[in-house]
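These notes concern the structure reproduced below.
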Amino acid sequence: MGQKLIVGISDWKVGKGDDILVTYALGSCIGTCLYDRTTGISGLSHIMLPDSTSIIDGHTTRMKFADTALPDMLDRMRAMGANTAAIKAKIAGGAVMFQTSNSKFNIGQRNIEAVKAALAKLRIPIIAEDTGLNYGRTMTFWAENGAVEISSTIMGKKMI
Amino acid sequence: MSIGKYEDLNDMQIDVLKEVGNIGSGNATTALSSMVGKMIDIQVPQVEVLDFNDAIEAVGGPEKVIAGILIRINGDIDGMIMFLFEQNLISLIVETFFGTKPQDIFSLNEAELSALNEMGNIMAGSYVNAISQLAGMTIDVEVPVMTIDMLGAIMSVPAVEMGEMGDKLLFIDNNMVIDSTSIQSKMLLLPTIDSLDHLLGKLGVA
């Protein structure tokens, strides 16, 4: 019997078999599903910020940043026996929740770019995405087949 | 003593922040109450220092659909005020301005949205004026921005902006109760860590 694994903000979890991984209400944050179809080993990360290198204070979790969370999660998947070459990614989020003239706060786009850069560095192809725009998204990921559902209050549900 | 992290606050400082929330939200509630012509009570404020996920649970859970009105503040306090309005409060405000209730909160027209923004503007102004007078501070209020969406996605905005240096949010949380029925709409004041130091200094409890 699979588990339902809830991934919080600044968090990632790894599952397999018939586990279901869920992360709620991505705003400007990004959810990244990594799926190895050969073993079913699957990871879901929920990052908040693009880059850990500007953070002077070390007392914060590596799971918060695109550049640290994704390599860490991939390492865990490999340790469980995932086949790196078979891993594909699906990503969602990176919205602008509040339209404002002050672009300094539009972190969503920077998060999208940072996640793409981190995945490129890890040589993981992105096979589907639902990013940007201006609404929140909940992401549900089935480890048994790599299916990902995006649900939102205004757009309803769709599979990517 | 300087506060380096939200969790460094002592009991006396927390009590002072509760009082700040009480005065600010009291004033904001009076403004709302007189606009909509209903008796509105506020509950005793809570000062919460919580990690992001617990903060979202504390204000209603990630997938709860709510209207968030965000007002950035700067000057002697930097940070934001966030109003979280439930559907029934939105209906009440729209009805007050236009005479009819909206069909649902996703089909609000431009005029209705700007009325809600204006309500947020008035309430934020009232909130901030009360705190300014209390501590002899100058605080500027930016134009409000609003969205109706999942609470988790709305609260990720302060989490991103306030939470870069740590993994927790501090907010002063007030619940509003209208006509004795609990419309659990909320007012949150979220100061940055630096301006929290400044505020506590001004209030003599740094």
Side-chain angles (χ1 to χ4, degrees), chain A residues 6-11 22-31 46-65 92-102 104-111 133-140 150-156, chain B residues 4-8 50-57 59-72 74 79-80 82-83 87 104-108 113 117 120 142-169 193:
Chain A
I6 308 294
V7 177
I9 297 175
S10 302
D11 186 15
V22 183
T23 199
Y24 295 114
L26 295 156
S28 59
C29 303
I30 308 272
H46 182 142
I47 61 101
M48 258 176 72
L49 290 166
D51 182 15
S52 65
T53 55
S54 63
I55 306 303
I56 320 138
D57 185 340
H59 304 290
T60 182
T61 172
R62 290 169 61 85
M63 296 188 282
K64 186 155 67 178
F65 306 98
V96 178
M97 294 308 299
F98 292 94
Q99 296 293 342
T100 147
S101 55
N102 193 339
K104 180 177 93 168
F105 296 110
N106 292 350
I107 195 85
Q109 188 57 38
R110 286 171 51 207
N111 278 337
L133 303 175
N134 63 350
Y135 55 87
R137 296 163 170 96
T138 287
M139 202 172 194
T140 306
I150 308 295
S151 69
S152 66
T153 52
I154 52 170
M155 305 297 282
Chain B
K5 299 196 294 290
Y6 289 130
E7 49 272 50
D8 292 342
L50 295 172
D51 80 35
F52 308 133
N53 295 296
D54 292 340
I56 290 166
E57 285 301 332
V59 294
E63 289 201 297
K64 183 187 175 89
V65 175
I66 203 153
I69 302 178
L70 169 70
I71 299 112
R72 292 199 168 79
N74 43 61
M80 48 179 77
M82 177 83 86
F83 295 109
Q87 187 146 4
D104 74 88
I105 58 173
F106 295 107
S107 60
L108 297 176
L113 289 170
N117 261 334
E142 291 186 17
V143 177
V145 280
M146 185 174 105
T147 193
I148 297 167
D149 209 310
M150 290 186 270
L151 185 52
I154 289 171
M155 287 297 288
S156 74
V157 175
V160 163
E161 291 182 32
M162 309 289 165
E164 194 169 9
M165 305 306 285
D167 298 323
K168 288 185 192 285
L169 273 182
I193 193 89

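In what follows, every heavy atom counts, from backbone to side chain, and hydrogens, waters and symmetry copies are set aside. Chain letters run A, B, ... following the sequence lines, proteins first, then strands; residues in each count from 1.
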Partners meeting ring pair (Phe, Tyr, Trp, His ring centres under 6.0 Å) with F83(B) (sequence neighbours left out): F85(B)
I56(B) versus chain A, the contacting section by heavy-atom distance below 4.5 Å: side chain
Gap separating the CE atom of M63(A) from the CG atom of D167(B), nearest 0.5 angstrom: 8.5 Å
Toward chain A, the part of M155(B) with a non-hydrogen atom under 4.5 Å: neither
Single hit among I66(B), I105(B), V65(B), I148(B) for side chain to side chain contact (heavy atoms under 4.5 Å, CB included) with T153(A): V65(B)
Residue selection (most heavy-atom pairs with chain A, distance under 4.5 Å) from N53(B), V157(B), V145(B): N53(B)
M97(A) to T147(B) - nearest heavy-atom pair and separation: O-CB, 3.4 Å
Minimum heavy-atom distance S151(A)-M150(B), with the two atoms named: O-CE, 3.9 Å
Spatial distance of atom CD (E161(B)) from atom CG (L49(A)) [nearest 0.5 Å]: 10.0 Å
Residues that D11(A) engages under salt bridge (charged side-chain N to carboxylate O under 4.0 Å, His left out), provided they are two or more places apart: K13(A)
For the student: nearest non-hydrogen atoms of G68(B) and F98(A), plus distance: O-CE2, 3.4 Å
From I154(A) atom CD1 to D149(B) atom CG, the distance as rounded to the nearest 0.5 Å: 6.5 Å
Interchain contact, S10(A) with chain B, by part (heavy-atom threshold 4.5 Å): side chain
Shortest non-hydrogen contact from G27(A) toward S156(B): CA-OG, 3.9 Å
Nearest heavy-atom neighbours spanning A25(A) and P62(B): CB-O, 3.4 Å
